[in-house]
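We name chains A, B, ... by the order of the sequence lines, and we start the count at 1 in each one.
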Amino acid sequence: MHQQDFFYQAVIYLLAAVVSVALAKRLGLGSVLGYLLAGIVIGPFVFGLVGSEDSSVMHFAEFGVVMMLFLIGLELRPSLLWKMRKSIFGLGGLQVLLTTLIIAAIALGFKSSFKESLAIGLVVALSSTAIVLQTLTEKGLIKNEGGKASFSVLLFQDIAVIPILALIPLLAPNGIEVANDHATHGIAALPGWQQVLIIIAVVAGIIFIGRFLARYIFRVIASSGMREIFTASALLLVISTAIAMDMVGLSPALGTFLAGVVLADNEYRHELESGIEPFKGLLLGLFFISVGASINFNILFENPVSILVFLVILVAVKFTVLYGLGKAFGLKKGNGLLFSFALAQGGEFAFVLISFSSQNKVLSDELSGVLLIVVALSMLITPFLLIINEKFIQPRILFNANKEEDADEIEDSENQVIIAGFGRFGLAIGRFLKANGIHTTVLDNNSANIEMLRKFGFKVYYGDATRHDLLLSAGIKNAKILIIAIDNEEEILKLIDYVKDKYPHVKILSRSKGLRHTFELKKRNVFAERRETYDASIELATTAMHELGYSKYQAYSSARTFKKHDELVLEELYQLWGKDEQKYISEAKRFSEQLRNLLLSEEENFYEGVDSAWDVQTLRDEVLENYNKQQD
Amino acid sequence: MKKILIQFAHPAFHKSRINKELLKDIELIDGVTLRNLYEEYPNFHIDVKYEQQLLVEHDILIWHHPFYWYSAPSLLKEWIDLVLEHNFAFGKNGTALKGKLVMSAITAGGSKQAYTKEGYNHCLIHDLLLPFRKTAELCKMKYLPPFVVHGTHLFDIEKTKKMADDYRKLLISLRDDVFELKQFGQCRYSNDLLETSKI
């Protein structure tokens, strides 16, 4: 392809994506549908702007799925994955088995051969990881029970692809030469036990690197302070894992998923996520577009009725099997429906399996063409099905089931206190709370400290504390208190504005850099704010007072009284500040103006000494007076 | 020779002429330890373990304080609350203070006459000190009659010096075991013993 062609293609894809996704989002249809429709529009059957090369584009774009699974892995700790084993193998296994059998039986009814029928069943049993996960994540449904069950099934399907690929050549009609795509792979020529050994070695290598080496490597990279290098290393990690898996004949998606899980405990997990995220998004978009562009409407128009019948059968069978299994595995009605609607389509693996089957002469070219369009259409209607579910079916269920919500869905026990910034200010806070047995989650971008802090039981996230996604993964949703201890005035205010807006339930306790900053904080109605140097100044002043001959208790009480007095002064100045905020011009002028106001207000608010209760002269005088009267 | 621990509590010591005189050079007396609680713990954060250790090391404890509102300044109450722990000072295993002597040394604005049944307060100092006495008894200590300085508002230099001298004498006789416990039982104030024995 010429360079110009490449840019020409890029412009078409990007333009289509930008326009249609923006539109689809606006109409509440979700990005996946937007991409699919964009693909149809630029594809051969509408404008024909792209066409012949689109299968290679699709192949390239499938890497988006690999990246997506890596990101999902990052969100899943191994312990969490272990908890899901029942739904992965039970629910997922039964789904693939039952769907395959029923579809195959129906295909037999349509007078296909036994082998053909079985191949069809296997091909369409798999659902679309890309569409389902992207859509559920976008709708924020991935963490609910239905979403989790969907994920389990998709994970099993990813595993199941490998044996299915091995099975399909066996279904070839007798006497036909087997075109085993797999044989071209590196290790397939070796004896079975050696293959197994190599696979185990590669998987163990991924686990070892992720668990023990990655931390050190990332720390070195993070300390370079260059974000793009971090992104580059994240990409390197994902791509090399994918290649390694591909070489040993395992699914790259599964491999990167595994790598993700291994890295889920890593403190740089978040940087990895944000490094990969944009690439994943773009590649997945590209993938959806190429799915849209690949739909061969000619076949549809030649034979609309039977294709629609097949489509209905496919979706109905998958839906029924899923719904039944969901029920058997204890999904509540609403979640069960979400689960069933989400997975009732054929997936991107079907494209691979169909072309593989047709190479192996398991399926005829004509049948392959029909299957391709049925699968593509089923993918196309999935977002619509989910919208119907969301808009029309779920509200009714919610209405009927009088709000018995799953309160037990929070899986990570998250800390109630988040400390943003762990320099000298935040450190004291964290130490103090830790000393009192209060666990905190710490956000800091100094990689040198992170390793050590983790050893002492702090939950640490590496990165800029004002980043929204970082806050989210630190558990801001379930946090009670956010203590802001970062150094930059403006950043503090920005963070407060954001959290106040998105998570109004979180109480914000903030470091203040000075008087004017305090006013900005008061204006934002933070729960509490503290000037960073104020308490230390008063403490030192107290010591000075004692050195000058005041008793310690006098000095201490004076400090307490002064702090109280200062609150009054501050409040008064704040009112003043609110009035002529606009008037002040230069920072220097502002400071001296404030100083003047401060001292003025000091004079007005009477600062009363502490010990006027004890051994007072007025009492002495009174006693003396009475005594003198008695003497007279 | 017995060891005496004076726990002095006065939030406005700098204003109290009497107490300044009473405590002047008092820690120079052999065997006497003076603790100024408001100076040690201005923020009321009491070092309990250290205070207990001091108690163990001494034989006689003196709660020395102005008689604010018929009682002690708040820090001394805090000290009692925190230092006299269960299984240290009281309870089955709380025998650390067993047999030690305790005495209150108080300065009161009211005259001796005011603290009588017929007087202004209709009540004896002895009765008003009941919580302190019970506290001592619960800790298996012997509570001696108090050393009281009455009518502080009307003191002149002479009287103040006389009182300070008495206090000093009392401390020395306690240290040297001059009086028998029986003798204490017979008087209202420990001051009285000094009158009768004429040391």
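- For B:F13, no part lies under 4.5 angstrom from a heavy atom of chain A.
- For B:K77, the NZ atom is loosely surrounded, since the number of other residues' heavy atoms within 6.0 Å does not exceed 12.
- Note: B:Y38 and A:Y553 have perpendicular aromatic rings, judged against thresholds of 30 and 60 degrees for the angle between ring planes.
- The line from OG of A:S551 to NE2 of B:H10 is 11.0 Å long, rounded to the nearest 0.5 Å.
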### Task
Go through the steps to decide whether A:H546 and B:E39 satisfy the test side-chain contact (heavy atoms from CB on, under 4.5 Å), and finish with yes or no.
CA-CA 10 Å; A:H546 175 62; B:E39 200 64 12; 2.8 Å; yes
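- Crowding of B:E158 atom CD: a count of heavy atoms from other residues, nucleotides or ligands under 6.0 Å not exceeding 12.
- Looking at residues two or more places apart in sequence or on another chain, you find a side-chain contact (heavy atoms from CB on, under 4.5 Å) between B:K3 and B:H58, B:D59.
- In this structure, CD on B:E40 lies 7.0 Å from NZ on A:K552, to the nearest 0.5 angstrom.
- Applying the 6.0 Å contact sphere to NZ of A:K507 captures no more than 12 heavy atoms from other residues, nucleotides or ligands.
- The neighbour count for B:H45 NE2, taken as heavy atoms of other residues, nucleotides or ligands under 6.0 Å away, does not exceed 12.
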